[in-house]
Amino acid sequence: MRERDAANTRKLMERQLSKEEQEEITRRSQAMDKNDTSDLRKFSRQAYLQKRRDKKIDEIRDEILDHEYIFQDVKLTEAEEKEFRYKKKIYDLVKEHVESADDVAEYKMPEAYDMGDSVNQEKRFSVAMQRYKDPEARDKMNPFAEQEAWEEHQIGKSKLQFGSKDRKRSSDDYQYVFEDGIDFVKSSVIEGTQHEEDSDQEDIDEKDMLKRELQDERKTLPIYKFRDELLKAVEEYQVIVIVGETGSGKTTQIPQYLHEAGYTAKGKVACTQPRRVAAMSVAARVSQEMGVKLGHEVGYSIRFEDCTSEKTLIKYMTDGMLLREFLGEPDLASYSVVMVDEAHERTLSTDILFGLVKDISRFRPDLKLLISSATLDAEKFSDYFDSAPIFKIPGRRYPVEVHYTKAPEADYIDAAIVTVLQIHVTQPPGDILVFLTGQEEIETIDEILKHRTRGLGTKIAELLICPIYANLPTELQAKIFEPTPEGARKVVLATNIAETSLTIDGIKYVVDPGFCKIKSYNPRTGMESLLINPISKASANQRAGRSGRTGPGKCFRLYTSYNYMHDLEDNTVPEIQRTNLANVVLTLKSLGIHDLVNFDFMDPPPSEALLKALEQLFALSALNSRGELTKTGRRMAEFPLDPMLSKMIVASEKYKCSDEVISIASMLSVGNSIFYRPKDKQVHADNARLNFHTGNVGDHIALLNVYNTWKETDYSTQWCYENYIQVRSMKRARDIRDQLEGLLERVEIEISSNASDLDAIKKAITSGFFHHSSRLQKNGSYRTVKNPQTVLPRWVIYHELVLTTKEYMRQVTELKPDWLVEIAPHYYQLKDVDDTGTKKLPKGQGRAAL
DNA sequence: GACGACAAA
């Protein structure tokens, strides 16, 4: 019965889709007639968004069916029942909406979600937003119900609780615990700023009340007092640097002030964020404050989701998205104000944006620029923007006591453990946040802490240990947001993810060993490295601040104050100086910026890196010998991928296997988080993984196999679980793949499948990655963890080269050496690949053989 | 024996 329903729904949706597609095809041909590529781009985006919506609906339906199937004989708790009913209701609403939409012949975008009364933007996004805002709802929205069995187990492991719940804390008996306590000296207090009382608010349903309250709340923000002064400054100067500490309200308020002052009459106000979640949640908040629907006057734009319309006046977006918009609108004509928020983070995209907006501000005197940063080095921003005035806004933060160790600690892992236990038995209630460098370290400390607290039994209060890092399955991540039970204490073991990307309430103590992993790039060898480095002062202060969010906090630094003063750099080296610039160069070239060496970077990257990037792009024939963009280069720039991946896709046209190649490109660009290996089931996980390698096909084809098999199972979550594959990563790969598929049309590459000819696929890969070839050496060999081949191939091509604990090639596939000469004759000659001789590899390539 | 921190298009 239900299955038939589902089948009907699907048919319904398919019919609708094909209708839309027809619509779209006629529109596209009209656009073609006009030879208007921007229209073409718009239509392909619209079609893509439409398709994505249908896919999402399918996903919800599948979840419901899965749920019914799996739990048919299981008695559910009330909460689980409720969650299920909730999910079903959403589906019914959406279905009803889609069916009614089906009657409408017209193509409506981008307000497609907002027809009829049954479903509206607000509702739709309130659900999406809940995920990010409300920890309870986050659990309700659990889209991975099937995995719970496994995760239950993992959660049990990660949250084993020791100690006694009702043991009262006292500081008398901490001698029991340590023979090796650490001496800290309180050396400074980071001052808090006046904090006004937040009155607890009753839940009032009436819209007007809510709106009035929100308006009142706006007035309590520190920035409110500076409103008129700020607006005056904006009127007077073209560029302003704003220093606003956390909690000042700058991100939500400034765009609204500008709107109220009439700037939106002349064009949109853009506000860029380094992270997707931030762009979404801030936009949601502002639309609420203004009492408008999200996506109308206030909207956001991030990859895979464009929640804006013609009405949109205030647009929050990721910085990478604004960079992409530059490609279509090089003078940002539709904007009157651009606010670059969180500029102190100095992401790759913000650094490029700096150069671009500075440039256009010269010939667009009407364009206002606001550069907002949370740190003290505003002078630097000001200097860069021709001595722009600096506007300071106080924040709202509680004081944080900073403690340093008296003497340097030899082993920071051990020191961190001792400090956590010391805090646990001597300090008043409040959760602890420990900053560590990576997954492995977190797991180690997790185990040691459990071991040591277990021995203490009921002598101490309960200690909940919660690990968090980006690759941790989503459901386990959610656990850190659960409120700590009465009488217990939570200790969060986190990577740098907790420094900026997520905030955990209730943290009162921060333990900072002073290290993190930093990626850097050596342009000479083309090798990336990911090594543990000391953090910067800015980073240390950011970490300390994490303890003062909800009340006065304490930060324990596991180094001396002398170390802090003399050994730490002021700021972390900006990303642009430690990364492969091929993508940056391609973007700038396609914006028509030719003189890259003299491009006005705030912190110029090493010229060696620029040259290497130019060289690479030339080798990929994206640039000609005069350094101008070629047709291939222009096509490559359309793809949001690194140039070698883009080239691989462009080359797939020739080998008639674009279908397979975009799957591989998507899988490669989600990174290394596809397979997981639970510690207790490593052998099973490895075996499951070997299945995709049958026939010694190489890592690239194995990734393709993974994707295709998942697709054949109708994108089943259950299947992922059985094969030790992370659903989250697969869904991301699917999103990327859909996007790439849309872009293929834009650059006029036909989608063609050639699954039986693996050599054709490998040749396409080689066209992008011939740079990354490597030959087995007589002395020992290259090696790779990822590739489980038993017979070592003499020639391989790899995706990337990384130095961690050793040098690694990642994602390796065997290759016939004569392909190199065939595909990249400008780069390889016959003598280079002559297997019988002892000729060396071309310059630079020798390093690849490890 | 020993695997990758974070983010984005």
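Letters A, B, ... mirror the listed sequences (proteins, then strands); counts begin at 1. Computed over heavy atoms, backbone and side chain alike; hydrogens, waters and symmetry mates excluded.
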Self-check item: With A:N583, the side chain to side chain contact (heavy atoms under 4.5 Å, CB included) member among A:L645, A:L588, A:D642
Solution: A:D642

Of the nucleotides [options], which one has an atom closest to the side chain of [X]?
| X | options | answer |
| --- | --- | --- |
| A:N583 | B:dA9, B:dG4, B:dC6 | B:dA9 |
| A:Y469 | B:dA9, B:dG4, B:dC6 | B:dC6 |
| A:A470 | B:dA9, B:dG4, B:dC6 | B:dC6 |

Exercise. Decide side-chain contact (heavy atoms from CB on, under 4.5 Å) for A:T500 and A:E342; before the verdict, give the C-alpha distance in whole Å, the side-chain angles of both, and the deciding distance to 0.1 Å.
Key: CA-CA 10 Å; A:T500 47; A:E342 315 287 351; over 6 Å; no

With a 4.0 Å cut-off on heavy atoms, is [X] in touch with a base, just the backbone sugar-phosphate, or nothing at all?
| X | answer |
| --- | --- |
| A:I497 | sugar-phosphate |
| A:F639 | nothing |
| A:D319 | nothing |

Rounded to whole Å, how long is the line connecting atom [atom1] of [X] with atom [atom2] of [N]?
| X | N | atom1 | atom2 | result |
| --- | --- | --- | --- | --- |
| A:L353 | B:dA9 | CG | P | 12 Å |
| A:I649 | B:dA9 | CD1 | C1' | 13 Å |
| A:R324 | B:dA9 | CZ | P | 10 Å |
| A:E575 | B:dA5 | CD | C1' | 11 Å |
| A:I674 | B:dG4 | CD1 | C1' | 13 Å |
| A:R543 | B:dC6 | CZ | P | 12 Å |
| A:L356 | B:dA9 | CG | C1' | 15 Å |
| A:N471 | B:dA5 | CG | P | 7 Å |

Side-chain N or O of [X] closer than 4.0 Å to phosphate OP1/OP2 of [N]:
| X | N | value |
| --- | --- | --- |
| A:S349 | B:dA8 | no |
| A:S501 | B:dC6 | no |
| A:T318 | B:dA9 | yes |
| A:R276 | B:dA9 | yes |

Quiz item: Between A:H344 and A:A374, which heavy-atom pair has the shortest distance, and what is it?
Solution: ND1-N, 2.9 Å

Quiz item: Looking at residues at least two apart in the chain, or sitting in another chain, which of them share a ring pair (Phe, Tyr, Trp, His ring centres under 6.0 Å) with A:F381?
Solution: A:F354

Exercise. For A:F515, enumerate each residue passing the ring pair (Phe, Tyr, Trp, His ring centres under 6.0 Å) test, keeping only those at least two apart in sequence or located in another chain.
Key: A:Y412

Check side chain to side chain donor-acceptor pair (under 3.5 Å) between [X] and all other residues, then give those that pass, not counting sequence neighbours.
| X | answer |
| --- | --- |
| A:D351 | A:R346 |
| A:S372 | A:D341 |
| A:S501 | none |

Quiz prompt | Nearest-nucleotide comparison on DNA chain B, the residue closer to the 5′ end among A:C516 and A:D642 | solution = A:C516

Self-check item: Nearest-nucleotide comparison on DNA chain B, the residue closer to the 5′ end among A:L641 and A:T437
Solution: A:T437

Quiz item: Of all of residues 663-671 of chain A, which get a heavy atom below 4.0 angstrom from DNA chain B, listed by number?
Solution: none

